Colleague: 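Would you mind keeping the following structure in view while I ask a few things?
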Amino acid sequence: MLKFISILSLFILFHGDVIEEVSWNENYKLTWSDFKGAPNNQTDAVAITASGITFSYSIKKTSNKVHSFKTLVKAYFYPEHSWCKKEMVDDNILRHEQLHFDITELHARLFRQQIAKLKPSLDLNNQLNQLHQSINKQLSLMQNSYDEETNHSINTEAQIKWQESVAKQLKTLEKFKSKS
């Protein structure tokens with residue numbers, strides 16, 4: 001029996017049928033033209049990055065044995081749900097927003113690394129879903145810590161430390177990077 005479940009996990013709820021998405025790629029950096037959503041003028045924030053991890057899998061099994069499984073984990077940026085106040089942004093803020101997307105890719109790699117350790121078992125469905133929930137919690141915590149420690153890009157020293165740290169972690173997990 002082939003089972004397919006697709007789970008989309010994002011930081012915001014989306015409405016509509018078609019979601020524009022940009023897949024993470026080490027050779028592509030966000031530009032302000034990627035931020036297509038309407039700015040929220042009720043907040044002090046000058047930019048918001050909507051990014052998330054999509055996850056799907058298939059399990060091949062007979063009645064009492066799992067024979068194999070396949071997974072797909074992707075890090076995406078959602079232009080229509082990302083926004084900026086054009087008159088208030090600069091290159092420093094753009095680097096900050098790019099790192100939010102990079103942190104999403106980092107967690108996609110961590111997720112792929114954990115999946116690679118799994119063996120086919122009858123409990124595989126639960127294991128995959130628990131890993132997915134866990135990685136999303138970790139991602140959310142890291143995104144919040146990043147904003148707090150950098151004061152949303154204002155603390156340039158902390159911003160540089162975060163950029164170096166995330167780059168180092170991405171390099172360490174390079175074998176688990178998103179494939180184009």
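A quick note: this is a predicted structure, and the numbers were derived from the prediction, not measured.
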Colleague: Counting only heavy atoms from other residues, nucleotides and ligands, does the tally under 6.0 Å from NZ of Lys161 exceed 12?
Modeller: no
Colleague: Walk me through it: do Thr62 and His67 pass the test side chain to side chain donor-acceptor pair (under 3.5 Å)?
Modeller: CA-CA 8 Å; Thr62 54; His67 299 281; 3.2 Å; yes
Colleague: Any donor and acceptor pair, going by atom type alone, linking the side chain of Ser82 with main-chain N or O of Ala50 inside 3.5 Å?
Modeller: yes
Colleague: Report yes or no: do Phe55 and Ile59 belong to one cluster of Ile/Leu/Val/Met/Phe/Trp/Tyr joined by side chain heavy-atom distances under 4.5 Å?
Modeller: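 Same cluster.
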Colleague: Within the side chain of Glu105, is there an N or O that forms a donor-acceptor pair under 3.5 Å with the backbone of Ser178?
Modeller: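 Yes, Glu105 side chain to Ser178 backbone: donor-acceptor pair under 3.5 Å.
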Colleague: Given Phe101, which of Tyr146, Phe77, Tyr76 fulfils the ring pair (Phe, Tyr, Trp, His ring centres under 6.0 Å) condition?
Modeller: Phe77
Colleague: Looking at Thr104 and Ala75, what are the two nearest heavy atoms and their distance?
Modeller: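 Answer, listing the atom of Thr104 first, then Ala75: CG2-CB, 4.0 Å.
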Colleague: Can you list the steps and then say if Asn92 with His96 is a side chain to side chain donor-acceptor pair (under 3.5 Å)?
Modeller: CA-CA 6 Å; Asn92 183 54; His96 179 84; over 6 Å; no
Colleague: For a side chain to side chain donor-acceptor pair (under 3.5 Å) check, start with the C-alpha distance between Thr49 and Glu97, then their side-chain angles and the critical distance, and finish with the verdict.
Modeller: CA-CA 6 Å; Thr49 293; Glu97 298 306 314; 2.5 Å; yes
Colleague: Counting C-beta onward and ignoring hydrogens, is there a side-chain heavy-atom pair between Leu118 and Leu124 closer than 4.5 Å?
Modeller: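 Sidechains of Leu124 and Leu118: in contact.
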Colleague: So which heavy atom on Asp147 is nearest to which on His100, and how close?
Modeller: OD1-NE2, 3.0 Å
Colleague: Between Tyr28 and Asp34, does a side chain to side chain donor-acceptor pair (under 3.5 Å) hold up when you go through it step by step?
Modeller: CA-CA 11 Å; Tyr28 182 78; Asp34 292 316; 2.7 Å; yes
Colleague: Does Gln130 reach the side chain of Leu128, with side-chain heavy atoms less than 4.5 Å apart?
Modeller: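 Gln130 vs Leu128: side chains apart.
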